[in-house]
> 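I have a structure here, written as structure tokens, and I will follow up with some questions on it.
Read the numbers this way: they start at 1 and go in the same order the structure lists the ligands and their atoms. As the structure is a computational prediction, the values presented were derived from the model and not from experiment.
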Amino acid sequence: MASLLQILTLAVVSVLVIKCEEFLPCPKKCVCEASDSSVTCILKTLRNIPAHLPFSVQTLNLERNRISKIVRNTFVRYPNLSHLNLNHNKIKTVEEGAFNGLSQLKSLYLCGNRLSLIPKGTFAGVSNVTRLDMNRNELVLLTDMGFAELSKLEYLDLLENGILFVTEYAFKGLDSLKHLLVSKWKMSDLPTDRFIHLRSLQTLEISHMKSEVLKQNVVSNLTRLQNLHIGHWKKLTNISPKAFRGLDSLVSLIIHHTNISVIPSPAIQQLRNLKELSLNNNPIEQVTSASLRGMTSLRELFLDHCNLTYIGTGAFKQLKSLQKLDLSYNLLKALPRDTFPDKVTFHQVTLTENPWNCDCQMTWLISANTQGWRSVYCSTPETIQGIDVLRHGKLARKKLLQNMKCNLPTAAISQGPTVKVEQGSELRLQCLAQGEPKPTISWIPPAGRTVDTEVTLKGGVLQISAVNTADKGRYTCVVTNAGGTVVVNTSVIVIGSSQQSSGPGPSNMPNQQDPQLQSEGVNYTTLLVANLMGVMTFLGVVLLCCGVIFLLSRSKNGMSLIMLDTEMEYVPRGDSDDSGGRGKGSDEKRKIKTKIVPIATAGDKIKGSKGGKKKKKKER
Ligand SMILES: *[C@@H]1O[C@H](CO)[C@@H](O)[C@H](O)[C@H]1NC(C)=O
Ligand SMILES: *[C@@H]1O[C@H](CO)[C@@H](O)[C@H](O)[C@H]1NC(C)=O
Ligand SMILES: *[C@@H]1O[C@H](CO)[C@@H](O)[C@H](O)[C@H]1NC(C)=O
Ligand SMILES: *[C@@H]1O[C@H](CO)[C@@H](O)[C@H](O)[C@H]1NC(C)=O
Ligand SMILES: *[C@@H]1O[C@H](CO)[C@@H](O)[C@H](O)[C@H]1NC(C)=O
Ligand SMILES: *[C@@H]1O[C@H](CO)[C@@H](O)[C@H](O)[C@H]1NC(C)=O
């Protein structure tokens, strides 16, 4: 009996022992699940990895403990471990060979620890890992071959590590990596050719960087890259035209919360397969007609939160595949029909949160097929404020149609209808224009006068630095908006020495030549009279001279003063005829009497004086 009992006990014990070898009792503070071979010890105060775990453990979760070190061969007895979570501990050191034996490990989580370096060999023995999360550590350096063993890694999260330096071959060996996330690197400029070793990379997120320029060869030539996400580069103002070179597979490009103020057209227009472009939260003020030219595969465009004030004519015209457009949270007032392709196929358009001015440029929206569009509320004019142009009742529609009008702009030339300008001085004409929508201003110079380099046109101002006689004539200012066109003009008169003498180059074309041709051709009688008068004057002078000589010869002392009185009128500088109520002195034209003294006697005693005589100005 006793021996039977002994045998029985032995059998039970041995069964128990065998069972224990298969699945050891669960460690203190942990929860073990035999069904899925998991061990979980979350939010405990463990300082070390429990020494005795069930050998068959496949999932080990040690999140939020106080583990500070992982020594060599820690996991060597758990060959089936495939998910190891060590997030939010205090791990500073991972000894070389710490993960030895984890040939089945698929994912390794090390977020929120204190790792500062990844020495070569850290990941030896875990070459089946496909996911590694290391965000929020204290990594400062990424050195050559740190990840070299992880040839099957597909996902690497290195976000929120203030990395100072990345060596050239830091990412070497990550031949299967498809998704890489990095942020908050501390260098002022991203190093070039670091990601180029990542031959399988499909998604790259680079955020919170300090670069002002995204240079060529930082992300260039990643031929498999499909998604590029650049966010929160507060200083980024410039994207090199070649920055996205060789990104032949890129489908989605997101650039947000940067300082770029223009759409980086030269760089993005090379991306022939781009389907999603998101440029939200950038201080971009305009989308010009050329900004998105040729981007025919684009399906989704996000330009929300950009402070856009203006969208150029036909800006979205070539986006023939576009389905989704977001222009919300901008400062847009108008959205003319010709902004879009002839056939609008957009399924989802968001235009909310813009100060839409519902004038004639917006009426097309009332009858357009805008299913799937979000509301467009009028901000101005006040009479229809708050009414949705897209969805409204009958009454509101009537009100809209009555009020969605454009007014003619106003225009004036601040220098008035005629402008006198001295030859050689500056001509400046300013065209003042007002209107809603904001009108465009252009100048038309006189016929035959081309707008060349001497003439500058800026805004409403036309400026010619040194006027010559060819610049005279009628200058017309043309002011246009959606409400119509207004034309104002001014005549420029050039006050110069001789109008005919200065032949100012080839620019004095028909306008000038016509009157000359006419005066030559028309009046032979005038010519004759002029010639006759000339002859008579000559004869008169000869007679006068004879008389003078006669008088001189008669005078005793051989000297005689001849006084030729000439009266010249001049207007003192700064005066102009039309400003009344000024002092008496400046109100006068002065006459100067000059005396002409024969040079023959100049060496002798000269009598006489230059006399000035004031005379009241004649009223005009
Ligand atoms: C690991 O898994 C395999 C296959 O499921 C199994 O045969 C083996 O016993 C497991 N090893 C341990 C130590 O549990
Ligand atoms: C990776 O896993 C496979 C099977 O899952 C295994 O055969 C292979 O040995 C592992 N590779 C390494 C290097 O451990
Ligand atoms: C990128 O590709 C272009 C064109 O294929 C090539 O000229 C250039 O050298 C490449 N750059 C790098 C860093 O490989
Ligand atoms: C953004 O760019 C503007 C010039 O375009 C510059 O004045 C400003 O300082 C920049 N801001 C930052 C944060 O770099
Ligand atoms: C838009 O303008 C406002 C006011 O000037 C400014 O505070 C805001 O940062 C700007 N938004 C962007 C995306 O630049
Ligand atoms: C220019 O102005 C004059 C006088 O104001 C006017 O008679 C003339 O029609 C105008 N010409 C044009 C082209 O507007």
Side-chain angles (χ1 to χ4, degrees), residues 37 56-59 73-84 96-108 120-132 145 147-155 173-177 183-190 206-215 229-240 254-265 267 277-288 291 301-311 326-333 350-355 379:
S37 308
S56 60
V57 62
Q58 288 177 18
T59 302
N73 292 333
T74 299
F75 304 101
V76 81
R77 286 182 292 167
Y78 317 114
N80 285 353
L81 195 59
S82 24
H83 307 285
L84 176 56
E96 193 180 335
F99 302 113
N100 271 347
L102 292 178
S103 63
Q104 300 301 313
L105 197 68
K106 290 279 188 296
S107 52
L108 176 57
K120 213 168 157 180
T122 301
F123 299 111
V126 287
S127 53
N128 269 332
V129 167
T130 54
R131 175 171 183 138
L132 173 59
M145 315 303 256
F147 302 107
E149 294 92 353
L150 303 173
S151 64
K152 297 207 179 137
L153 197 69
E154 292 179 5
Y155 181 98
L174 292 168
D175 292 334
S176 307
L177 198 70
S183 72
K184 296 202 174 167
W185 289 5
K186 292 227 173 96
M187 58 283 249
S188 60
D189 231 338
L190 284 188
I206 316 178
S207 49
H208 290 98
M209 294 295 176
K210 295 188 165 177
S211 308
E212 290 173 20
V213 182
L214 179 60
K215 292 187 181 147
H229 184 155
I230 291 168
H232 297 278
W233 296 29
K234 289 217 174 106
K235 292 186 178 167
L236 183 69
T237 50
N238 198 348
I239 292 178
S240 155
I254 303 175
I255 304 174
H256 65 95
H257 290 94
T258 76
N259 199 22
I260 53 167
S261 55
V262 289
I263 293 179
S265 308
L277 176 62
S278 186
L279 295 169
N280 60 295
N281 287 281
N282 293 301
I284 298 170
E285 286 175 9
Q286 298 193 346
V287 184
T288 69
S291 294
L301 176 61
F302 299 87
L303 283 165
D304 53 295
H305 297 88
C306 281
N307 285 350
L308 288 177
T309 55
Y310 170 77
I311 295 179
D326 192 341
L327 294 171
S328 59
Y329 293 91
N330 282 299
L331 303 170
L332 293 169
K333 288 187 165 177
T350 311
L351 303 171
T352 44
E353 304 301 326
N354 279 285
S379 180

> Within 4.0 Å of atom 4 (C) of ligand 4 (strictly less), any protein heavy atom?
no
> Would Gln104 count as being in polar contact with ligand 2, using the rule that some N or O on each side must be under 3.5 angstrom apart?
yes
> Measure from the ring center of His256 to the ring center of His232 and say whether it is less than 6.0 Å.
yes
> By number and element, which atoms of ligand 5 are closer than 4.0 Å to a non-hydrogen atom of Asn282?
13 (C)
> Run the side-chain contact (heavy atoms from CB on, under 4.5 Å) check on Ile254 and Phe302 step by step: do they pass?
CA-CA 9 Å; Ile254 303 175; Phe302 299 87; over 6 Å; no
> Is it the case that more than 12 heavy atoms not belonging to Lys215 sit under 6.0 Å from its NZ atom?
no
> For the OH atom on Tyr329, are there more than 12 heavy atoms of other groups (residues, nucleotides or ligands in this structure) within a distance under 6.0 Å?
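Atom OH in Tyr329 is not crowded, with 12 or fewer foreign heavy atoms closer than 6.0 Å.
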> Report the nearest protein non-hydrogen atom to atom 10 (C) of ligand 4: residue, atom name, distance rounded to 0.1 Å.
Asn259 ND2, 2.4 Å
> Could you pull out, from Val126, Leu105, Asn128, the option with a heavy atom nearest to atom 1 (C) of ligand 2?
Asn128
> Looking at atom 13 (C) of ligand 5, what's its closest protein heavy atom, distance included?
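Checking every protein heavy atom, the shortest distance to atom 13 (C) of ligand 5 gives His305 O, 3.4 Å.
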> Please could you name the atoms of ligand 2 that Ser127 approaches to less than 4.0 Å, counting only its heavy atoms?
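It comes down to these atoms of ligand 2: 12 (C), 13 (C).
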> Measuring from Lys186:NZ to His208:NE2, what's the distance to the nearest 0.5 Å?
13.5 Å
> Verify whether one side chain among Thr258 and Asn282 offers a donor that lies under 3.5 Å from an acceptor in the other.
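Their side chains do contain a donor-acceptor pair, which is all the 3.5 Å distance test asks for.
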> Could you identify the single nearest non-hydrogen protein atom to atom 14 (O) of ligand 5 and state the distance to 0.1 Å?
Pro283 CB, 3.2 Å
> Does the protein come close to atom 7 (O) of ligand 4 - that is, does one of its heavy atoms sit below 4.0 Å from that atom?
no
> Judged by modelled atom types alone, do Asn100 and Asn73 share a side-chain donor-acceptor pair under 3.5 Å?
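Their side chains do contain a donor-acceptor pair, which is all the 3.5 Å distance test asks for.
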> Give the atoms of ligand 5, by number and element, whose distance to some non-hydrogen atom of Asn307 is under 4.0 Å.
1 (C), 2 (O), 3 (C), 8 (C), 10 (C), 11 (N), 12 (C), 14 (O)
